[in-house]
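Notes for the one structure printed next.
Every chain is numbered from 1 and lettered A, B, ... according to where its sequence line falls, protein lines coming before strand lines. Quick caveat, the model's predicted, so the values are computed rather than measured.
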2 protein chains.
Amino acid sequence: MARYQQIIEELILTGGRHLTAEQIYLRLKESHPSLVLATVYNNLNELTRQGKIRRISLEGFPDRYDAPTRHDHLVCTVCGGLTDLPLPDLTEWIEQQTKTPIEGYDLKIHWVCPKCRAAQGTTA
Amino acid sequence: MARYQQIIEELILTGGRHLTAEQIYLRLKESHPSLVLATVYNNLNELTRQGKIRRISLEGFPDRYDAPTRHDHLVCTVCGGLTDLPLPDLTEWIEQQTKTPIEGYDLKIHWVCPKCRAAQGTTA
DNA sequence: TCTTAGATTTAGAATAATTCTAATTCAAAA
DNA sequence: TTTTGAATTAGAATTATTCTAAATCTAAGA
């Protein structure tokens, strides 16, 4: 069962990174016309719960889904675009600072991506 | 003008931290019965734009509003509760690592708060 | 004082992402 | 072949937030 779980996972891990639920739905609908958006959400929730994928929540934009490998993200404050950023793992440092065990963390770095920086130079 | 801007700002900075728009609305409605939720949102957006308050987005919970001082947050993965955590500023370290100027960052640390940890021990 | 102009607030409809519910379908086991 | 439980489907519901248009207010100018 879980007819769609595997192809959704594969699409997220290899077919395109940082996809939204709707993008996943539209891509898979081509080859699986009976697929429905609610099924995509169901599977995304299940995969996230199992730790096979990672959900990235962004202010003002729909959630995106990513590989669960440990890495951080640059978020463009202009276009909302996401870029992977593999900074060193801060877990131990945080636990030393807080003197408390933690489950993990979510680090989003705000920048203006090169494309938007160029566009700013043009208009401003 | 901006009749409500100041009292909203004051409530966020001093009257209670990590409040939602609705909590702010309910508290102020007592003393200002004509106040409407849309006005709260308008003012929260304006205050955020001006950098006088900070918006904190949490997965699955409404946004909360906080003082704009630089600090990080512990987020309980069980109850969603927020706790302030003043870790050292990582901006310079991140800029060294990425070799790119950044605008700031958002660091949320996932833990189980003491209250939920105790409750877990009880039930599990 | 009266008028005007601009901004703010109000009221409530609209939006959009996501979840929920109930009915249907499916796959495997009995 | 029948049963059973889980997954999918369809579409309604939810919820936080935004939007729109009308009403209100404030301050300035005549």
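- Spacing between atom CG of B:Asn42 and atom C1' of D:dC19 amounts to 10 Å, rounded to whole angstrom units.
- Taking a 6.0 Å sphere around CD of A:Gln6, one finds it holds 12 or fewer heavy atoms contributed by other residues, nucleotides or ligands.
- One atom, CD1 of B:Ile8, and another, C1' of C:dT9, lie 11 Å apart when rounded to the nearest Å.
- D:dA7 atom P lies 18 Å from atom CG of A:Leu28, rounded to whole Å.
- OP1 or OP2 of D:dA7 has not a single side-chain nitrogen or oxygen of A:Thr39 nearer than 4.0 Å.
- Summarising the geometry, the separation between CG on B:Asp63 and P on D:dA16 is reported as 10 Å, rounded to the nearest angstrom.
- Atom-to-atom, CG of B:Leu37 to P of C:dT10 comes out at 11 Å; the value is rounded to the nearest Å.
- Applying the 4.0 Å criterion to OP1 and OP2 of D:dA16, one finds that B:Tyr25 has every side-chain N and O outside that range.
- Atom OH of A:Tyr4 is separated from atom P of D:dA7 by 14 Å (rounded to the nearest Å).
- Between the C1' atom of C:dA17 and the CG atom of A:Leu44 lies a distance of 13 Å, rounded to the nearest Å.
- For the residue pair B:Tyr65/B:Arg54, the side-chain donor-acceptor check at 3.5 Å is not satisfied.
- OP1 or OP2 of D:dT18 lies within a sub-4.0 Å distance of a side-chain N or O belonging to B:Asn45.
- Judged by distance alone, the side chains of A:Glu9 and A:Gln5 never bring a donor and an acceptor atom under 3.5 Å apart.
- Salt-bridge check for A:Lys108 with A:Asp106: passed, with a basic side-chain N closer than 4.0 Å to an acidic carboxylate O.
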